[in-house]
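Inspection log for the structure reproduced underneath, given as structure tokens.
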Number of protein chains: 2
Amino acid sequence: MVQYVSPPLDLSFAALSDATRRGIIDQLGRGDASITSLADKFQMTLTGMKKHVQVLERAGLVVTQKVGRVRTCKLGKRGLKAEAEWIEAHRKLFEARFEALDEIISEMKQEGSDESAS
Amino acid sequence: MVQYVSPPLDLSFAALSDATRRGIIDQLGRGDASITSLADKFQMTLTGMKKHVQVLERAGLVVTQKVGRVRTCKLGKRGLKAEAEWIEAHRKLFEARFEALDEIISEMKQEGSDESAS
DNA sequence: TACATACTGAACCATATAGTTCAGTATGTA
DNA sequence: TACATACTGAACTATATGGTTCAGTATGTA
């Protein structure tokens, strides 16, 4: 029984910040896959794909197992619970802010000043 | 070949992959803040804080407005909707995979009556 | 006017990322 | 045995990140 220390959100959000890696998760949702099949699907070298998979593994989002010469990748049981919780909690924060302020009016008013330098 | 392109999620997940930036969002949930006050709170140079805020701005998570010499930062009205949707959709994917595993197991149990053995 | 405050931009540094190629090793198959 | 397949690791490239310092500019205040 392997006990994973819940990897920090740093690692999982960083893993999710790449479209290829989100695609890999998508793909693994349709079925387990070898490094080679993923590399084919995403038009990338084996070595490049292996690196992506390692990033996902480090984040705990994917687990892999090598049988014979094939390393099979599948979604990790850890899932996206911690990430969903952070997002949901802070979504509420965003919404609470907008209820507190009269956003639309302040938005319409602000045309006069700087907006955003640089 | 599968080509996944969604730059907004790239930017926002990357923005969220840093604990300081998640902290800034947390802080802005409690009230708008200047660059200086954020730099103080997170024990960082002004320049360093400005960079973090720019990352959050590029991702659309924060908006800023300069009035006089003070740049005020607040949560962007775009919120975390797209991120929440991606996470939730894929959380279901993770769960579906594990249910699918159960299905495969039960299919294997009744395999004797079905099709040709391979 | 003089001075402090708040930010801005350029430049630098160390490390990480996303990818590659090339040279292996290990495994399966004819 | 010979050959193909599947991965692995090192090394290299280019760019991004997270931080700094230093030298400004713009703005508010006494």
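- The salt bridge (charged side-chain N to carboxylate O under 4.0 Å, His left out) test applied to B:Arg21 returns no partner, not counting sequence neighbours.
- Within 4.0 Å (heavy atoms only), B:Gly68 reaches sugar-phosphate atoms of the nucleic acid but no base atom.
- With the nearest nucleotide of DNA chain C identified for both A:Val55 and B:Thr72, B:Thr72 has the one nearer the 5' end.
- The interatomic distance linking A:Arg58 (CZ) with C:dA18 (P) rounds to 10 Å, in whole Å.
- Distance CG (A:Asp10) to P (C:dA16): 13 Å, rounded to an integer number of Å.
- Whole-Å rounding puts the A:Lys50 NZ to D:dT8 C1' distance at 5 Å.
- Atom CG of A:Leu38 is separated from atom P of D:dA6 by 13 Å (rounded to the nearest Å).
- Residue pairs meeting the ring-ring contact (aromatic ring centres under 6.0 Å, His included) criterion with at least one member in residues 59-92 of chain A, sequence neighbours excluded, are A:Trp86-A:His90.
- One can place NE2 of A:His52 at 8 Å from C1' of C:dG19, the figure rounded to the nearest angstrom.
- Taking atom CG on B:Leu46 and atom P on D:dG18, their separation rounds to 18 Å, with Å as the unit.
- In this structure the side chain of B:Ile25 reaches within 4.5 angstrom of the side chain of B:Leu16, judged on heavy atoms.
- Consecutive Watson-Crick or G-U pairing (both distances under 3.5 Å) extending over three or more pairs maps onto DNA chain D as C:1-30 with D:1-30.
- For A:Lys92, there are no side chain to side chain donor-acceptor pair (under 3.5 Å) partners at least two apart in sequence or on another chain.
- One can place CD of B:Gln54 at 13 Å from C1' of C:dA10, the figure rounded to the nearest angstrom.
- Under a hydrophobic clustering in which Ile, Leu, Val, Met, Phe, Trp and Tyr are joined whenever their side-chain heavy atoms come within less than 4.5 Å, directly or via other members, A:Leu38 and B:Leu93 fall into different clusters.
- Within the 3.5 Å criterion, the main-chain N or O of B:Ala59 finds a donor-acceptor partner in the side chain of B:Arg78.
- Among the heavy atoms of the strands lying under 4.0 Å from B:Thr47 is at least one base atom, whether or not backbone atoms are also near.
- For B:Ser17, there are no side chain to side chain donor-acceptor pair (under 3.5 Å) partners two or more places apart in sequence or in a different chain.
- In this structure, of C:dT8, D:dT8, D:dG19, it is D:dT8 that holds the atom nearest to the side chain of A:Arg71.
- Every residue was checked against the side chain to side chain donor-acceptor pair (under 3.5 Å) condition with A:Gln54, not counting sequence neighbours, and none meets it.
- With sequence neighbours left out, A:Ala89 forms a side chain to side chain contact (heavy atoms under 4.5 Å, CB included) with no residue at all.
- Among the heavy atoms of the strands lying under 4.0 Å from A:Ile35 are primed sugar atoms or P, OP1, OP2 only; no base atom is included.
- Contacts with DNA chain D (heavy atom under 4.0 Å) in residues 16-28 of chain B: B:Asp18, B:Arg21, listed by number.
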Just the atom pairs and distances: protein N or O near nucleotides 2-5 of chain C's N or O, under 3.5 Å.
unit_1 : atom_1 : unit_2  : atom_2 : d
C:dT5  : O4'    : B:Arg69 : NH1    : 3.3
C:dT5  : O2     : B:Arg69 : NH1    : 2.6

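- Taking 4.0 angstrom as the limit, B:Lys66 places a side-chain polar atom (N or O) nearer than this to OP1 or OP2 of C:dT8.
- Listed by chain and number, the residues in a salt bridge (charged side-chain N to carboxylate O under 4.0 Å, His left out) with B:Asp40 amount to none (sequence neighbours excluded).
- Checked against salt bridge (charged side-chain N to carboxylate O under 4.0 Å, His left out), B:Lys81 has the following partners two or more places apart in sequence or in another chain: B:Glu85.
- With sequence neighbours excluded, no residue satisfies side chain to side chain donor-acceptor pair (under 3.5 Å) with A:Arg69.
- Summarising the geometry, the separation between CE on A:Met49 and P on C:dA18 is reported as 12 Å, rounded to the nearest angstrom.
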